[in-house]
Protein chains: 2
Amino acid sequence: MTKDRPYSALVQRLKVAGLRPTRQRLALAKLLFEAPGGHDRHITAEQLHAEAVADNVRVSLATIYNSLHQFTEAGLLREVVVESGRSYFDTNVTDHHHFYFEDSGRLQDIPGEMVQLENLPTPPVGAKVARVDVIIRVNESGE
Amino acid sequence: MTKDRPYSALVQRLKVAGLRPTRQRLALAKLLFEAPGGHDRHITAEQLHAEAVADNVRVSLATIYNSLHQFTEAGLLREVVVESGRSYFDTNVTDHHHFYFEDSGRLQDIPGEMVQLENLPTPPVGAKVARVDVIIRVNESGE
DNA sequence: TCAACAGTTTAGAATGATTCTAAGGAGGTT
DNA sequence: AACCTCCTTAGAATCATTCTAAACTGTTGA
């Protein structure tokens, strides 16, 4: 039988991340990482919750938040902040940047190698660079 | 008399921006743009409110928010978002970028010319670049 | 100088996203 | 199956921010 195979890729992925493969974490991981539409998803907690509900997965919002943060800490997701009061979680954890469409609130990936950062200033003494985010904010409306 | 001179620089600045120079807007503008510590301030609404209170200026939080947004629209301030759920307002409106100290939540300006962005991808058709933000996230704790 | 109107301020309620709490539930191991 | 720890959850709580409706003030023109 191919379904319910105990050691599917997702189960392994969670275990490697040090997270117990619970019902809800598996369901969320599936929605996030095996979405039919492909990868490079930028999703909010509310959106993921809506998807889960639509997929008949019963999960509380609290668990959505817990899971998103745990996945992020484990390196399975990356948090992107472009707008105060709303966090996006990006399934693309490779080095890359973003276009942000201010009108629609949509994000679009820019491959890391498409942006060349020259002459980056050295960080202050004692500080280590955790990440460099480049956000290109664009408008689509003819304003 | 030098105080209460009706056409001080701040009054003019507000008028040019199309904002009536009211008591509270003047007081806030003074705190923001004529702070003794110098320019390049990165301040939140709550912080500004606290400064106003400490300076015996009676202003409501609602007015703080209104003013910060009006100043931003008028180009006197720039909003910086680095962390979900908290907006910083930057008194430096020239082209520049930021170091963000994740431990302390502090921001530090990086002059625009210190970051050279090469090969920026062209925005999607119909979209115009409003701004490019570069945020260098750093940690100070020896983690 | 002063009336009058439009633009401002305000307290407090409302909102929206996120976090907390404490109690019940479910993996995994023996 | 027992057991312990980790996980999930409903609902309350929190936090930043926005809204509302009423009171107030700058400015203009008579």
Side-chain angles (χ1 to χ4, degrees), chain A residues 4-8 10-29 31 42-53 56-74 77 79-89 105, chain B residues 4-8 10-29 31 42-53 56-74 77 79-89 105:
Chain A
D4 280 321
R5 185 164 16 119
Y7 287 93
S8 73
L10 280 183
V11 172
Q12 282 303 69
R13 205 154 167 192
L14 291 178
K15 284 193 170 175
V16 167
L19 298 168
R20 274 202 212 161
T22 64
R23 267 190 230 340
Q24 25 284 335
R25 292 211 270 236
L26 271 171
L28 296 178
L31 288 172
H42 303 97
I43 202 171
T44 65
E46 291 285 355
Q47 284 167 3
L48 182 57
H49 188 239
E51 286 195 10
V53 168
N56 278 315
V57 178
R58 275 174 44 267
V59 211
S60 69
L61 244 192
T63 296
I64 300 272
Y65 278 104
N66 288 339
S67 301
L68 286 174
H69 289 144
Q70 290 154 353
F71 289 5
T72 300
E73 263 182 60
L77 287 177
E79 191 173 355
V80 182
V81 180
V82 281
E83 210 184 273
S84 159
R86 194 206 300 310
S87 263
Y88 290 84
F89 292 86
Chain B
D4 281 323
R5 185 165 13 125
Y7 286 92
S8 73
L10 281 184
V11 172
Q12 282 304 68
R13 206 155 168 189
L14 290 179
K15 284 194 170 175
V16 167
L19 298 168
R20 273 203 212 162
T22 63
R23 269 192 228 343
Q24 25 285 322
R25 292 211 270 235
L26 272 170
L28 296 179
L31 287 172
H42 304 96
I43 202 171
T44 66
E46 290 286 358
Q47 283 166 5
L48 183 56
H49 188 238
E51 285 195 10
V53 168
N56 278 314
V57 179
R58 274 171 45 266
V59 211
S60 70
L61 243 191
T63 295
I64 300 274
Y65 278 103
N66 288 339
S67 302
L68 286 173
H69 289 144
Q70 290 154 353
F71 289 6
T72 300
E73 263 182 60
L77 288 177
E79 190 172 356
V80 183
V81 179
V82 281
E83 210 182 273
S84 159
R86 194 204 302 307
S87 264
Y88 290 85
F89 292 86

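Atom set for the values below is all heavy atoms of this structure, side chains included, hydrogens, waters and symmetry mates excluded.
Nearer the 5' end of DNA chain D, as judged by each residue's closest nucleotide, is the contact made by B/G85, out of B/G85 and B/A62. Comparing B/S84 and B/V59 against DNA chain C, the residue whose closest nucleotide sits nearer the 5' end is B/V59.
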key: Working for side chain to side chain contact (heavy atoms under 4.5 Å, CB included), residues B/H69 and B/F89   = CA-CA 9 Å; B/H69 289 144; B/F89 292 86; 4.0 Å; yes
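One interatomic measurement links the two molecules: CD of B/Q47 to P of D/dC15, which rounds to 16 Å at whole-angstrom precision. In this structure, A/R20 atom CZ and D/dC6 atom C1' are separated by 4 Å, rounded to whole Å. Atom C1' of nucleotide D/dT8 and atom CG of A/L19 are separated by 14 Å, given to the nearest angstrom. Between the C1' atom of D/dT25 and the CZ atom of B/R23 lies a distance of 7 Å, rounded to the nearest Å. Look at CD on A/E83: it is 14 Å from C1' on D/dT18, rounded to the nearest Å. The CG-C1' distance, from B/N66 to D/dT25, rounds to 16 Å in whole Å. D/dT9 atom C1' lies 11 Å from atom CG of A/L61, rounded to whole Å.
Contact annotation: B/Y65 reaches the phosphate of D/dT17 (side-chain N/O to OP1 or OP2, under 4.0 Å). The side chain of B/H69 places an N or O atom within less than 4.0 Å of a non-bridging phosphate oxygen (OP1 or OP2) of D/dT18. OP1 and OP2 of D/dC6 both lie 4.0 Å or more from every side-chain N or O belonging to A/T22. A close approach under 4.0 Å does occur between a side-chain nitrogen or oxygen of A/R25 and OP1 or OP2 of D/dT8.
Rounding to the nearest 0.5 angstrom, the gap separating the OG atom in B/S60 from the CG atom in B/N66 is 7.5 Å. Distance check: A/L28 CG to A/E51 CD gives 10.0 Å after rounding to the nearest 0.5 Å. Note that the CG atom of A/L26 and the CZ atom of A/R13 stand 12.0 Å from one another [nearest 0.5 Å]. Atom NE2 of B/H49 sits about 11.5 Å away from atom CG of B/L31, to the nearest 0.5 Å.
In this structure, A/T44 reaches neither bases nor backbone, as no heavy-atom distance under 4.0 Å exists between it and the strands shown. Among the atoms of the strands shown, none is found under 4.0 Å from any heavy atom of B/H49.
Looking at heavy atoms from C-beta onward, A/E46 lies in side-chain contact with A/L61 at the 4.5 angstrom threshold.
Taking both residues in full, the closest heavy atoms of A/L68 and A/A45 are given as CD1-CA, 3.7 Å, listed atom of the first, atom of the second, then distance.
Taking a heavy-atom distance under 4.0 Å as the criterion, the stretch of DNA chain C touched by chain A extends 5' to 3' from C/dA17 to C/dG28.
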